[in-house]
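Notes follow once the structure below has been shown.
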Amino acid sequence: MSDLRLGVNVDHVATLRQVRYATMPESKNAEPDLIVAARMCERAGAQGIVAHLRSDRRHIQDRDIERLRENIMTKLNLEMGNTPEILDVALRIVPDEVCLVPEKREEVTTEGGLDVIANRKTLEPTIKRLHTSGIRISLFIDPTLEQVDAAAELGVEMVELHTGGLANAFTEKIQKEELEQLRAAARAASESNLQVNAGHGINYKNIELINQIPRLTELNIGHSIVSRAVWVGLDVAVKEMLAAMAKYPG
Ligand code: PXP
């Protein structure tokens, strides 16, 4: 049995609710309920729940984060951009973990990793404040040795390696190169005593490649699981992903 853990990102459960009920948040018809979904993921075996509170509130709302904090049994990983407004929410709600991500208003989803080298000065005070509240911190980075080193210097507990390049590789050659980069970054991060997580674009096909990245502790997966749930239900979708992850050699 692999000990690779799964954090399910529930953003797109909230997306489905928002497309109909964004202007009627208190409606008794508002569905699907995010807490029911999160609890279902946990009962299916997920070891954590992930949600991204974006500045434009396009899917997850502040109230969702509060309710997740109150109701989930595993751990809450709040993904957030490094802005004073969202930092205030994090310090009020105190999730178990925060994953700092870059955020652009016009992007469809998080596009690249956080440039830890360029943003060091603005990251430092945020990291300090989150640590003071006892929150474990992850930095979502591109899989390069430079970013891993910069993350290690900032004293965070974890990095999440951006797997989008691998997931979206058009050719086998690019796929191979992306996998090698991820493997090298994972080794380097682990040798710097960072917990190594991975996420973005992971699905039921490319999980076989992800399973070839060494030293991983956790995968954070959203879109593919919520999409699969349309066909088989959330419980089965989570269990299927956990079964694929169980092949991780460790
Ligand atoms: N990890 C991070 C840091 C992300 O920004 C996202 C997307 O919100 C995910 C994981 C999940 O990505 P996906 O929805 O493609 O599985």
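As the structure lists them, so they are numbered: ligands from 1, and atoms in each ligand from 1.
Applying the side-chain contact (heavy atoms from CB on, under 4.5 Å) test to Gln61 and every residue at least two apart in sequence or in another chain returns Arg17, Gln18, Arg57, Asp64. Judged as a side-chain contact (heavy atoms from CB on, under 4.5 Å), and not counting sequence neighbours, Asn193 has no contacts.
Short contacts between ligand 1 and Glu79, defined as distances under 4.0 Å to a heavy atom of the residue, involve ligand atoms 1 (N), 2 (C), 3 (C), 4 (C), 5 (O), 6 (C), 8 (O), 9 (C), 10 (C). Against a heavy-atom cut-off of under 4.0 Å, Val101 is close to the following atoms of ligand 1: 3 (C). Within ligand 1, the atoms closer than 4.0 Å to a non-hydrogen atom of Ile221 are 16 (O), numbered from 1 in the order shown. Against a heavy-atom cut-off of under 4.0 Å, Glu160 is close to the following atoms of ligand 1: 1 (N), 2 (C), 3 (C), 10 (C). Atom numbering of ligand 1 starts at 1 in the shown order; those under 4.0 Å from a heavy atom of His223 are 13 (P), 14 (O), 16 (O).
Taking a 4.0 Å cut-off on heavy atoms, Ser224 fails to register as neighbouring ligand 1.
Between Gly222 and ligand 1, a contact under 3.5 Å exists for at least one N or O pair.
If you take CG on Leu78 and CD1 on Ile65, they are separated by 5.0 Å, rounding to the nearest 0.5 Å.
Residue Glu70 places its CD atom among more than 12 non-hydrogen atoms of other residues, nucleotides or ligands, all under 6.0 Å distant. Within 6.0 Å of CZ on Arg92 lie more than 12 heavy atoms contributed by other residues, nucleotides or ligands. Within 6.0 Å of the CE atom in Met24, the count of heavy atoms belonging to other residues, nucleotides or ligands exceeds 12.
Residue contacts with ligand 1 for His162 are absent, since no atom lies close enough (heavy atoms, distance under 4.0 Å).
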